[in-house]
Amino acid sequence: MRRNWAARLRHGTIDGLRAVTLENERLRVTVLPGKGGDVVELLHKPTDTDFVWLAPQGLRDPRDHLQGAADDVAQFVDHYEGGWQEIFPSGGAPSEYRGARLAQHGEVSGLPWECEVVTDSPTRSRYG
């Protein structure tokens with residue numbers, strides 16, 4: 001059911017990437033499941049304040065770029081649009097743990113996610 005009031009969710013695309021938007025009368029959050037679950041919008045509607053900074057170069061679809069950058073920072077930076085990322089199993093600079101190299105902000109920041117609607121009612125919308 002499509003609602004224009006209360007809790008609601010919408011599916012769409014931003015620059016070719018799947019986008020999921022959850023909102024109510026006060027907040028709107030947009031997430032890109034195909035790009036590591038990046039949060040690209042957190043809008044406080046009453047003041048029209050978006051708390052997410054986005055880089056001037058904009059969104060870059062990782063599928064449109066060659067993988068395997070020359071170093072462990074470039075791979076992340078090449079696809080960085082700003083926003084908020086999941087950074088697991090490490091955060092910050094590239095590192096090594098028990099012989100495994102971990103790139104800038106770990107492995108999951110660029111991996112596609114699968115998600116589905118768990119709840120969709122006028123009082124609550126939730127993905128899982």
Side-chain angles (χ1 to χ4, degrees):
M1 166 193 278
R2 184 177 172 135
R3 287 183 299 279
N4 291 314
W5 51 274
R8 58 202 174 271
L9 57 90
R10 301 179 200 275
H11 303 271
T13 59
I14 299 175
D15 293 333
L17 287 171
R18 182 173 160 223
V20 175
T21 301
L22 300 146
E23 66 181 303
N24 61 24
E25 58 279 347
R26 293 179 187 233
L27 293 175
R28 182 172 62 219
V29 178
T30 302
V31 178
L32 304 176
K35 192 172 179 298
D38 285 10
V39 176
V40 294
E41 178 185 45
L42 176 57
L43 180 74
H44 180 251
K45 291 177 167 184
T47 61
D48 195 29
T49 304
D50 192 343
F51 292 95
V52 174
W53 175 84
L54 297 175
Q57 71 266 16
L59 180 62
R60 297 177 181 175
D61 187 339
R63 299 171 296 184
D64 294 339
H65 299 278
L66 295 174
Q67 302 297 313
D71 63 57
D72 293 332
V73 175
Q75 182 68 22
F76 180 82
V77 173
D78 283 350
H79 305 108
Y80 180 65
E81 79 282 358
W84 296 346
Q85 289 74 38
E86 279 294 324
I87 51 173
F88 183 82
S90 63
S95 59
E96 188 171 314
Y97 180 73
R98 295 187 178 184
R101 293 187 53 79
L102 301 171
Q104 177 86 8
H105 293 319
E107 298 172 343
V108 303
S109 63
L111 296 177
W113 290 19
E114 292 294 326
C115 62
E116 63 185 44
V117 177
V118 175
T119 305
D120 186 17
S121 73
T123 58
R124 186 175 182 187
S125 292
R126 185 170 69 102
Y127 267 86

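Listed by chain and residue number, His44, Thr49 satisfy the side-chain contact (heavy atoms from CB on, under 4.5 Å) test with Thr47 (two or more places apart in sequence, or in another chain).
Between Pro33 and Ala19 the shortest heavy-atom distance is CD-CA, 4.4 Å. When all heavy atoms of Leu32 and Val40 are compared, the pair lying nearest together is CD1-CG1, 3.6 Å.
You'll find the side chain of Arg28 reaches within 4.5 Å of the side chain of Lys45, heavy atoms only.
Leu54 and Leu43 sit in two unconnected hydrophobic clusters of ILVMFWY residues. Membership requires side-chain heavy atoms under 4.5 Å apart, directly or through other members. Using a 4.5 Å cut-off between side-chain heavy atoms of Ile, Leu, Val, Met, Phe, Trp and Tyr, with links allowed through other members, Val29 and Leu17 fall into the same hydrophobic cluster.
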Could you walk me through whether His11 and Val20 pass the side chain to side chain contact (heavy atoms under 4.5 Å, CB included) test, one step at a time?
CA-CA 5 Å; His11 303 271; Val20 175; 4.3 Å; yes

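Across Arg10, Glu23, Glu41, a single residue satisfies side chain to side chain contact (heavy atoms under 4.5 Å, CB included) together with Thr30, and that is Glu41.
To the nearest 0.5 Å, atoms CD1 (Ile14) and OG1 (Thr21) are separated by 6.5 Å. Taking CG of Asn24 as the start and CZ of Arg8 as the end, the distance is 7.0 Å to the nearest 0.5 Å. Leu42 contributes atom CG, which lies 7.0 Å from atom CG of Asp50 (distance to the nearest 0.5 angstrom).
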